[in-house]
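Accompanying notes for the structure given below.
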2 protein chains.
Amino acid sequence: MTAHPIAANDGGSPDRREEVLAAAAECFMRRGYEATSMDDVADMLGATKGRVYHHFRSKPELFFEVFRRAISILAREAGVHETGPGTAAARLRRMARAHVLCMMETQTFQRNLTLGVDLYRFGETSAEHRATLEELMDLRRAYEDAFRRTFAAGKADGSLAAPDPSLAMRTLLGAINWVAVWYSPRHGETRAHRETLADGIVDQVLQGYLA
Amino acid sequence: MTAHPIAANDGGSPDRREEVLAAAAECFMRRGYEATSMDDVADMLGATKGRVYHHFRSKPELFFEVFRRAISILAREAGVHETGPGTAAARLRRMARAHVLCMMETQTFQRNLTLGVDLYRFGETSAEHRATLEELMDLRRAYEDAFRRTFAAGKADGSLAAPDPSLAMRTLLGAINWVAVWYSPRHGETRAHRETLADGIVDQVLQGYLA
DNA sequence: GTCTATAAAGGGATAGAC
DNA sequence: GTCTATCCCTTTATAGAC
């Protein structure tokens with residue numbers, strides 16, 4: 001891996017590595033991890049796999065990067081609200097709303113989270129890849145823990161009424177993770193449309209957990 | 001397909017075709033549709049793929065049978081409660097409870113429902129398989145409609161308070177479908193344990209939809 | 001930085017033995 | 001009803017041209 005202008009990423013000019021990553025996310029989502037070939041990813045870019053292998057050493061590493069990106073988007077957009085102002089219920093609402101928007105706007109990346117968990121649970125991988133997978137599972141657990149802690153905080157400050165924070169975390173995340181499964185962007189849809197939809201979903205879902 | 005003693009299935013003696021189907025469900029769940037080889041299915045049975053091909057013409061047909069089985073279990077166990085006694089809220093609770101138990105007890109089959117939807121949305125299939133997939137998607141839609149109708153009925157009889165029955169159906173099913181993703185049976189677990197867990201989940205989740 | 005060509009391995013499906 | 005052997009195609013990954 002020679003000097004890539006990855007720093008230019010922040011500056012604005014589109015990065016080639018980023019294009020490969022996005023194409024891979026799309027392919028993995030559509031066909032699953034093992035069924036996706038490096039040729040599929042290349043085809044989606046209108047290139048050959050020489051280009052893919054130039055940016056990523058192997059298929060597992062490509063997938064791991066997709067996973068890492070997915071969870072890092074969630075942590076940045078949603079997890080960050082754990083430490084905001086207001087009651088636990090208010091913070092939970094901001095977290096859930098941002099999470100839903102991520103499911104809609106970075107769907108191709110987010111759907112690969114489940115794929116990664118299955119790979120961890122059932123896949124046969126080398127020791128090195130196993131270690132990376134463990135690390136990625138830790139990232140995911142850490143993200144989920146923010147929801148668990150917020151449910152516990154809501155029990156303490158009286159704003160939330162879930163008797164079992166772990167179970168509440170699971171049912172809430174189930175409801176909002178599922179958005180990535182059924183959501184499909186409409187033609188001409190704007191950010192405002194998605195925000196309205198996200199508010200509707202979150203209002204609906206949080207109703208059951210409020211004190 | 002020559003004379004199989006499929007009728008013996010009802011009688012009690014284990015059916016060979018059924019064994020292949022169960023092994024296939026497990027493999028498809030673990031590795032995904034395309035990544036699962038007919039050899040994988042055979043290996044899980046301690047056999048070779050000659051046996052698999054004797055019972056199922058092709059890999060797609062094998063998968064379709066797994067999908068069909070999954071949805072038919074749900075329709076029988078949960079969908080049937082749509083027409084039971086009591087308020088819409090009471091019926092919805094019985095449906096959701098049975099659904100959760102299915103997610104736990106026939107997990108390997110149920111997890112393939114999402115796989116099938118992805119295959120339908122993104123897969124490249126022959127015209128014949130396409131037609132079968134359409135039919136399977138209809139079965140799934142019909143099952144989901146039972147939930148949608150019950151939410152609408154609850155609006156009418158005043159037992160449920162979801163403003164948008166379609167959205168309520170999606171968030172509720174998301175929360176309870178997700179059980180199949182995180183649930184893992186504990187050692188020595190009994191049906192009673194699962195029923196208690198299912199009741200906890202359903203109590204938690206339905207809270208938000210009650211009038 | 002991306003291409004073509006190729007090696008080595010594994011997949012779906014069938015034929016025919018038993 | 002299940003197994004072995006086989007055909008043909010696709011896959012991962014690398015080497016080396018440009």
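Numbers restart at 1 for each chain; the letters A, B, ... are given by sequence-line order, proteins then strands.
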Practice task
Please state whether the phosphate of C:dC3, meaning OP1 or OP2, lies under 4.0 angstrom from any side-chain nitrogen or oxygen of A:Thr48.
Solution key: yes

Exercise for the section: In plain terms, say whether A:Arg30 and A:Glu26 are close enough for a salt bridge, that is, a side-chain N and a carboxylate O under 4.0 Å apart. Expected result: yes

Fill in the blank from the handout: Residues of residues 120-128 of chain A with a heavy atom under 4.0 Å from any atom of DNA chain D, listed by number, are none

Practice task
Using only heavy-atom distances, determine whether the side chains of B:Asp40 and B:Ser37 contain a donor-acceptor pair under 3.5 Å.
Solution key: yes

Dump every N/O contact between nucleotides 8-12 of chain D and the protein below 3.5 Å, one line per pair.
| from | atom 1 | to | atom 2 | distance (Å) |
| --- | --- | --- | --- | --- |
| D:dT12 | OP1 | A:Thr36 | O | 3.2 |
| D:dT12 | OP1 | A:Lys59 | NZ | 3.4 |
| D:dT12 | OP2 | A:Met38 | N | 2.9 |

Completion exercise
Between CZ of A:Phe56 and P of C:dT2 the distance, given in whole Å, is 12 Å

Handout entry: Interatomic distance where CZ belongs to B:Arg51 and C1' belongs to D:dT2 [whole Å]
Key = 8 Å

Problem - Modelled atom types, side-chain donor and acceptor of A:Thr196 and A:His193, under 3.5 Å - result: no

Problem - Aromatic ring proximity, centroids under 6.0 angstrom, A:Phe63 and A:His129 - result: no

Practice task
Nearest whole angstrom, please: distance from the P of D:dT14 to the NE2 of A:His54.
Solution key: 15 Å

Practice task
Taking only the side-chain nitrogens and oxygens of B:Arg57, find out if one of them lies under 4.0 Å from OP1 or OP2 of C:dG12.
Solution key: no

Handout entry: Distance in Å, B:Arg69 CZ paired with B:Asn112 CG, rounded so as to fall on 0.5 Å steps
Key = 12.5 Å

Exercise for the section: Establish, with yes or no, whether the OP1 or OP2 oxygen of D:dG1 is under 4.0 angstrom from a side-chain nitrogen or oxygen of B:Arg17. Expected result: no

Exercise for the section: Round to the nearest Å and state the distance from A:Asp43 atom CG to C:dT2 atom C1'. Expected result: 15 Å

Exercise for the section: Flag the pair B:Glu19 and B:Arg16 as a salt bridge only when some basic side-chain nitrogen lies within less than 4.0 angstrom of an acidic carboxylate oxygen. Expected result: yes

Handout entry: B:Asp164 CG to B:Arg148 CZ distance, which is reported to the nearest 0.5 Å
Key = 9.0 Å

Problem - Value in whole Å for how far the C1' atom of C:dG12 lies from CZ of B:Phe28 - result: 12 Å

Problem - More than 12 heavy atoms from other groups under 6.0 Å of CD on B:Glu124 - result: no

Handout entry: side chain to side chain contact (heavy atoms under 4.5 Å, CB included) partner of A:Glu144, chosen from A:Leu173, A:Leu74, A:Leu139
Key = A:Leu173

